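Okay, structure first, notes after.
Remember, it's a predicted structure, so these values are computed and weren't measured experimentally. Hydrogens, waters and symmetry mates play no part in the numbers below; they use all other heavy atoms, side chains included. Naming: A, B, ... by sequence-line order, numbering from 1 per chain.
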Amino acid sequence: MENSFVALEGKSRGYYLAVAVLAVLTLAGCTCFGISYVAGHQVFGSSNVIPWGLPIVLAIYLIGLSAGSLILSSLTYVFGREEYKPIARVAVFLAIVLIFGAMISIAVDLGRPEKFWRLFMFFYLNNMTSMFAINGVLYGGYFVISIVYFAFIMASKKSVIKVMGIVAVCWAVLVHMGTGAIFGFVAAREAWVSPIKPFEFLAAALTSGIALLIVVSMLTLKLTGRDIKKEIVRSLGRMLVVFIVILFVLILMDKLTHLYVPHREATLFMLAGRFSWIFWVLQIGLVVVAPLAILVHPRLGKSMGAMFVASLLVVVGIFFERYYLVIPGAAYPQHYYPGNIEGVYGAVGYFPLGLPEIGLSIGIFALLGLVFIVGLRYLDALPPKPPKPIEEQKEAEEPVEPPAESASAEAE
Amino acid sequence: MSRWGMVIDLDKCTGCQACTIACKEENNVPHGSPQENIRRTEPYWNKVIAASSGEYPSVNIEMIPMPCMHCDNPPCVQVCPAKATYVREDGIVVQNFRRCIGCKYCIAACPYGVRNFNYKDQEEKEYHRPDPAPDRTDRGPWPFPHRTHGVVEKCTFCFHRIDDGLKKGLTIGVDVVPACVEACPTKARTFGDLDDPQSEVSHLLATRGSFRLRETMGTRPKVYYLPK
């Protein structure tokens, strides 16, 4: 079956309102960035104990969602599942927008953002033993590959699309494992160092990606007045269960291995310390317990609404997994010397989450939403709509909104 | 080629923090408010930590002065994406501010916490005192007259002193030493060439038991400690 695609009309009041709101939020984010650039990173919460803050949380979160979106598209273009075709173009476009957002997040977290280009002087000015430099290659390549892939999809070059799809999905896997390696290969931070981290990140990316796929496809199909094929959503739900279980096993293994001697104290801090409620309630609770309970439940598991809620919980919960890794994960003090280190050098780091940082994060989400809905107006990415022009514009802004709203709400 | 190293005698160290202040003065390291100190956003190229063990009345408190360890196998150099931090031929790990992009990966990777991010621009008059800045013309070149926020900085073993001394043909470790060694009132610190069997550091390491911090990290530091 051949689907034709159309661009968003974008003439309604709601569309212009959405553009205006997102533009204002983006400007607010730019202002926050300007403040941090002029005043220095003292306006952020980061310190010499916790070097990274919300922008890095956002970066790894957006990369995960981006990889998930690409995998959605591969279902159609690589594995030939035509059912997903109506939202496949949106998914690839979303992946490009999200990786763009991730790179913006990394850029604004740099102390000297104007030297961002140095990350892309591959093999020439870069030290290629650094995971950051390797990830520069991976992210840059991913961005280019996704754009080429999208261009071929837009041009409907069937023979090339499948090859590009395979390349893009493999590259997405690499990108996410590389992101995990940024944390997993740092021997000095006891809560981070782990050979499992790349795989844990990959599992988290696939989990959040499948969950985002369910959220986006249900919203898109529903708001465009199409029938949701329950079998598709249920099969995706079963996939989600599998990925949640894999993720849970990896998290469990990570914590268990860390509980043995060398990293024991830091892991106890992570599991029972001051910030452990983020782990138990927001990470395990939202990502593992609640969605599994809903999806495995005999009656709820068949309800579309409950499945939607479960997927949304996963999308939100993965954000807190990232948050918990980046910020409280770095807070535990290092043991420079045996014994109990007194004073500030032995104290658990603290992270005052300030307005500039939150504004900056909201601004990044708003920028992504803006790029997304403006892009939909000029690209033929949407399946043709039968009747109502009003709903068309709604569906355009929905796919990117769930992560945006949830993340910004929690940041406050 | 010489391989500069430092030996710190913990038996002599009194924890007076003279090294910390001398370092700040020598290298123009910005000062911070007490709040910034508690938040750990104030840069210290040299810090003195206090490690306590035991319970009253059997308490032991040790003062550990911690400059940059100038590891032979530095994790910060491994992770720097921009080649901004590198090991010089003489083993000193230095930071190039012009190349540093401020990604803070090295802060995350350093097992000794010696790397500092510059969180704000230095104030013109830090002390708010009426007297003029000290005259430094007798001390040779001053490598860091001004610095910008947004880059990472660290201890350099006062390489400007070493380079200047070598040019003048002075003996490093005797005539020329880093500011912290010069300032130590109890002579707890010794600086010199680890590869030279005649140097005082080699003599100290050969005659007394020594250890390095966090040797299990595999970083092979060039700062040695003589235990109490």
Side-chain angles (χ1 to χ4, degrees), chain A residues 37-52 56 106 109-119 121 125-136 182-183 185-189 192 262 330 333-347 349-350 352, chain B residues 32 36-44 47-54 60-62 64 66 75 77-86 97-113 115-121 148-152 213-214 216-219 225:
Chain A
Y37 184 72
V38 173
H41 279 199
Q42 54 176 335
V43 299
F44 288 167
S46 53
S47 64
N48 290 330
V49 187
I50 306 176
W52 290 327
I56 293 288
I106 294 172
D109 190 64
L110 295 182
R112 304 309 307 176
E114 74 274 13
K115 296 186 205 161
F116 189 53
W117 58 271
R118 273 189 182 275
L119 283 175
M121 295 289 107
L125 293 179
N126 279 358
N127 164 28
M128 294 314 287
T129 59
S130 166
M131 277 321 295
F132 258 22
I134 294 172
N135 276 301
I182 289 180
F183 296 90
F185 294 178
V186 173
R189 303 283 175 161
W192 288 357
Q334 305 194 42
H335 304 286
Y336 305 128
Y337 192 78
N340 183 23
I341 296 171
E342 306 284 340
V344 290
Y345 297 111
Y350 87 107
Chain B
E36 285 167 338
N37 187 8
I38 290 170
R39 235 187 90 189
R40 289 285 303 278
T41 57
E42 183 188 356
Y44 279 104
K47 59 176 183 272
V48 181
I49 62 167
S52 69
S53 51
N60 177 29
I61 293 187
E62 287 193 73
I64 320 286
M66 288 178 68
V77 173
Q78 258 178 15
V79 302
C80 178
K83 290 186 186 168
T85 182
Y86 54 94
F97 296 162
R98 290 174 63 92
R99 284 190 206 154
C100 178
I101 59 174
C103 68
K104 309 186 200 169
Y105 202 4
C106 52
I107 298 181
C110 178
Y112 305 101
R115 295 191 147 256
N116 297 278
F117 191 74
N118 227 318
Y119 282 91
K120 57 174 189 181
D121 267 330
T148 171
H149 71 79
V151 295
V152 176
L213 292 186
R214 304 191 85 177
T216 48
M217 304 296 295
T219 51
Y225 293 86

Go through the atoms of [X] and report whether side chain, backbone, both or neither lie under 4.5 Å from a heavy atom of chain B.
X: F44(A); value: backbone
X: A187(A); value: both
X: I134(A); value: neither
X: Y37(A); value: backbone

Is there side-chain contact between [X] and [Y], with heavy atoms separated by less than 4.5 Å?
X: P111(B); Y: Q334(A); answer: yes
X: K83(B); Y: N126(A); answer: no
X: Q42(A); Y: F117(B); answer: no
X: K104(B); Y: H41(A); answer: yes
X: Y337(A); Y: L213(B); answer: yes
X: R40(B); Y: Y345(A); answer: yes

Please classify the contact of [X] with chain A as side chain, backbone, both or neither, using a heavy-atom distance under 4.5 Å.
X: V152(B); result: neither
X: N37(B); result: both
X: E42(B); result: backbone
X: I38(B); result: both

Looking at [atom1] of [X] and [atom2] of [Y], how far apart are the two atoms once the value is rounded to the nearest 0.5 Å?
X: C103(B); Y: D109(A); atom1: SG; atom2: CG; value: 9.0 Å
X: C100(B); Y: R118(A); atom1: SG; atom2: CZ; value: 9.5 Å
X: I341(A); Y: S53(B); atom1: CD1; atom2: OG; value: 11.5 Å

Non-hydrogen atoms of P81(B) and A133(A) that approach each other most closely: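 Scanning both residues completely, I find the closest heavy atoms to be CB-N, 3.9 Å.
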Could you pull out the closest heavy-atom pair between R39(B) and S47(A), with the gap in Å?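 For R39(B) versus S47(A), the nearest heavy atoms are O-CB, 3.0 Å.
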With a 4.5 Å cut-off on heavy-atom pairs, point out which of [options] contacts chain B the most.
options: L110(A), L125(A), T129(A); result: L110(A)
options: S46(A), G45(A), P338(A); result: S46(A)
options: N48(A), V43(A), V344(A); result: N48(A)

Given 3.5 Å as the limit, does a donor-acceptor pair link the side chain of N127(A) with the main chain of A82(B), or not?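 Between the backbone of A82(B) and the side chain of N127(A) there is no qualifying donor-acceptor contact (under 3.5 Å).
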For the backbone of G102(B) and the side chain of K115(A), can you confirm whether one donor and one acceptor N or O come within less than 3.5 Å of each other?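 The answer is no, because no donor-acceptor pair under 3.5 Å joins these two groups.
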How are the rings of Y105(B) and W52(A) set to each other: parallel, tilted or perpendicular (split at 30° and 60°)?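 Tilted: the ring planes of Y105(B) and W52(A) meet at 30° to 60°.
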Can you tell which of [options] has the highest number of heavy-atom pairs within less than 4.5 Å of chain A?
options: T216(B), V151(B), I107(B); value: I107(B)
options: I101(B), T41(B), I61(B); value: I101(B)
options: E62(B), R115(B), M66(B), R99(B); value: R99(B)

Evaluate the side-chain contact (heavy atoms from CB on, under 4.5 Å) criterion for residues K47(B) and Y336(A): first the C-alpha distance (whole Å), next the side-chain angles of each, then the deciding distance (0.1 Å), finally the verdict. CA-CA 12 Å; K47(B) 59 176 183 272; Y336(A) 305 128; 4.1 Å; yes
